Amino acid sequence: MIRRLLFGRIDNSPLIIFRVFFGILCALECYGAIVTGWVRRTLVEPEFTFNFIGFEWLQPLPGVGMYVYFAIMGTLGVGIALGYRYRFCAIAFTLLWTGAYLMQKTSYNNHYYLLVLISGCMAVFPANRYFSLDVKRNPNIRTISMPGWIKWSIVLQLFIVYTYAAIAKMYGDWVDFGIVKILMQGKAGYPIIGSVLQLPWIHKIIGVFGILFDLLIIPALLWKPTRKPAFIASIFFHLFNSIVFQIGIFPYLSLAFTVFFFDTKTINNLFFKKKPHYSDAPELSPAYNRPLLLVLGIYFLVQIALPLRHHLIPDDVLWTEEGHRLSWRMMLRSRAGRIQFQVVHKDTQKKEYIDASKYLTAKQRRRLGSYPDFIWQFAQKLKAIYAEKGIAVSVYAIGSKVSVNGKPYRPFIDPTVDLAAVPWSHLHHNAFILPSSEADTTEN
């Protein structure tokens with residue numbers, strides 16, 4: 001049964017139309033990042049970017065380089081949509097987008113990570129075998145079918161994303177709607193809906209619907225009797241997110257995924273009226289079954305394991321942030337922080353307090369006070385700046401305090417630890433983060 005499900009051939013219309021939607025959305029995301037000033041604010045203006053730790057060698061290109069970088073990605077998106085030299089465009093886009101993702105995390109978004117994963121999958125999928133310029137160039141590659149594992153890989157990836165998102169919401173500050181209230185406070189100035197979003201009963205609807213949608217949407221789309229209501233709920237949910245949270249293309253990408261859940265005859269009738277329908281048949285390709293199952297198995301084991309890693313790290317992930325990224329923990333918390341950096345010259349013991357505004361943008365400074373990896377990386381940056389002057393220094397975080405979800409500020413970083421001298425651990429607790437259970441709660 002599973003063998004037939006994965007390796008039997010099915011109509012490829014969902015993959016073909018998804019390729020078109022995906023390419024258009026990628027192009028809009030990249031061109032839009034230039035037009036809206038995102039590239040300028042995030043990658044051009046900052047003196048340095050907060051990379052993912054371990055990828056410091058990935059630095060923004062100088063001058064107009066990052067504008068060209070994103071323009072190239074946008075053009076590759078157009079190539080994907082048209083199916084023109086598809087494999088090259090898809091692979092190149094995946095590499096460039098992954099580079100941009102790892103290059104900065106001040107504007108971190110879980111959806112950027114999802115786009116890394118999906119673009120990588122699309123680079124492998126045979127999405128140019130119909131309705132593409134590649135088929136016009138080489139009619140021999142034309143086909144109206146695909147192996148079933150392509151559809152089920154997308155479905156399983158989405159199931160992982162939504163299920164972990166639902167589970168993550170099942171904690172105190174979400175179920176009492178406190179964090180929903182905080183998230184909506186920033187939307188009070190919106191025309192028409194701003195005041196409505198401040199109503200407590202609206203917070204309850206958002207909180208309950210958020211969990212139920214994430215938990216049930218994939219099963220509901222898979223089951224034919226609930227498919228249409230689930231699709232209508234998806235439209236409402238994702239348009240709400242687009243309007244309220246303004247998160248770019250990703251609500252529309254999420255809607256584009258729904259083509260994999262509908263009957264292929266329906267997809268053909270909507271988008272490819274002249275395309276012959278492929279009658280599902282158990283045509284198997286045993287030559288590559290086992291290697292493919294191994295690759296898919298490893299990929300999905302990693303996808304399942306990554307969001308669980310914070311359980312192996314002491315303390316609450318909401319406090320330490322260790323294991324938060326790459327875990328589909330979306331819109332779960334609000335953080336605010338205060339911090340002062342002190343540099344001590346090792347040879348003279350001279351002490352200096354650092355004005356972070358000399359080095360960081362306003363958005364970077366807001367992140368700096370709240371997130372431990374940003375704090376550690378800035379300490380490493382200060383160490384490097386002074387080393388260029390021939391001065392060896394220690395760097396301390398003085399008065400570091402963090403408020404999570406509007407709660408009282410509590411001491412966050414141990415002020416006695418030389419942050420310039422300690423390594424960063426990805427998989428273990430970083431001891432310079434003070435335990436949440438022992439932090440002082442007296443200051444508001």
Side-chain angles (χ1 to χ4, degrees), residues 107-111 161-190 192-217 233 236-238 240-247 250-251 307-308 310-311 313-325 327-339 363 366-372 374 400-413 433-444:
S107 297
Y108 179 83
N109 191 316
N110 280 280
H111 298 116
V161 171
Y162 281 111
T163 301
Y164 275 123
I167 293 172
K169 289 182 175 71
M170 297 177 188
Y171 83 104
D173 288 347
W174 185 278
V175 298
D176 71 4
F177 314 116
I179 183 58
V180 179
K181 177 181 178 180
I182 291 172
L183 292 174
M184 293 304 110
Q185 285 173 348
K187 320 301 177 186
Y190 283 12
I192 303 175
I193 64 170
S195 59
V196 176
L197 293 175
Q198 309 313 307
L199 299 174
W201 64 272
I202 291 291
H203 301 161
K204 293 178 182 179
I205 291 175
I206 293 172
V208 172
F209 187 74
I211 291 177
L212 292 179
F213 181 87
D214 288 345
L215 196 62
L216 300 176
I217 188 59
F236 173 81
F237 179 82
H238 293 302
F240 176 87
N241 283 341
S242 178
I243 294 168
V244 173
F245 296 107
Q246 299 178 7
I247 48 178
F250 297 100
L308 299 174
H310 70 87
H311 292 292
I313 302 174
D315 217 331
D316 187 350
V317 61
L318 282 169
W319 175 250
T320 68
E321 287 288 309
E322 295 169 310
H324 174 87
R325 296 190 185 95
S327 299
W328 313 118
R329 301 177 57 80
M330 296 178 275
M331 297 183 185
L332 287 180
R333 81 281 190 254
S334 173
R335 296 176 70 91
R338 307 167 180 168
I339 194 169
K363 185 172 185 178
R366 289 194 296 272
R367 294 279 184 172
L368 178 65
S370 305
Y371 297 88
F374 282 71
S400 170
K401 294 188 176 185
V402 164
S403 168
V404 179
N405 294 347
K407 292 181 173 61
Y409 280 86
R410 297 183 290 172
F412 187 50
I413 301 296
I433 304 173
L434 294 172
S436 60
S437 60
E438 298 179 13
D440 179 25
T441 61
T442 59
E443 181 176 349
N444 194 353

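In this text, all values refer to a predicted model and were calculated from it rather than measured experimentally.
- Remark: side-chain polar atoms of D214 are not paired, donor with acceptor, to backbone N or O of T163 under 3.5 angstrom.
- Side-chain contact between Y190 and I192: absent, with no pair of heavy atoms (C-beta onward) separated by less than 4.5 Å.
- Across all non-hydrogen atoms, the minimal contact from I339 to G369 is CG2-CA, 3.8 Å.
- The aromatic rings of F245 and F240 sit perpendicular to each other, their planes meeting at more than 60°, with 30° as the lower class boundary.
- Partners of W328 by ring-ring contact (aromatic ring centres under 6.0 Å, His included), not counting sequence neighbours, listed by chain and number: Y113.
- Contact annotation: the side chain of I179 approaches that of S334 to within less than 4.5 Å [non-hydrogen atoms, C-beta and beyond].
- Counting only heavy atoms from C-beta outward, the side chains of I243 and I193 approach each other to under 4.5 Å.
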TODO: Just do the side-chain contact (heavy atoms from CB on, under 4.5 Å) check on I433 and I413 with the steps written out, would you?
DONE: CA-CA 5 Å; I433 304 173; I413 301 296; 4.3 Å; yes
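- A donor-acceptor contact shorter than 3.5 Å links the side chain of R335 to the backbone of W319.
- When each of S400, S403, S370 is paired with F412, the side chain to side chain contact (heavy atoms under 4.5 Å, CB included) condition holds for S400 and for no other.
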Task: Step-by-step side-chain contact (heavy atoms from CB on, under 4.5 Å) determination, V208 to F177 - done: CA-CA 9 Å; V208 172; F177 314 116; 4.1 Å; yes
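- When all heavy atoms are compared, the tightest approach of L434 to D315 is O-OD2, 4.3 Å.
- Checked by atom type and distance alone, the side chain of W174 pairs as donor or acceptor with a backbone atom of G207 at under 3.5 Å.
- H238 pairs by the ring-ring contact (aromatic ring centres under 6.0 Å, His included) definition with F213, not counting sequence neighbours.
- Side-chain contact check for F237 versus I217: every heavy-atom pair is 4.5 Å or farther apart.
- Applying the side chain to side chain donor-acceptor pair (under 3.5 Å) test to residues at least two apart or on different chains, none of the pairs has a partner in residues 197-207.
- Side-chain contact between V161 and M330 is present, with at least one heavy-atom pair separated by less than 4.5 Å.
- In terms of the ring-ring contact (aromatic ring centres under 6.0 Å, His included) criterion, residue partners of F374 (sequence neighbours excluded) are, by chain and number, F50, Y371.
- Heavy atoms from other residues, nucleotides or ligands lying under 6.0 Å from CZ of F236 number 12 at most.
- Judged by distance alone, the side chain of Y409 and the main-chain N or O of R338 form no donor-acceptor pair under 3.5 Å.
- Taking the side chain as every heavy atom from C-beta outward, R329 and V317 approach each other to under 4.5 Å.
- Partners of R333 according to the salt bridge (Lys or Arg N to Asp or Glu O under 4.0 Å) rule, which considers only residues two or more places apart in sequence or in another chain, are E321.
- Annotation: side-chain hydrogen bond (donor to acceptor under 3.5 Å, both in side chains) contacts of N110 (sequence neighbours excluded): none.
- Scanning all heavy atoms of the two residues, the minimum distance from I247 to N109 falls at CG2-ND2, 4.1 Å.
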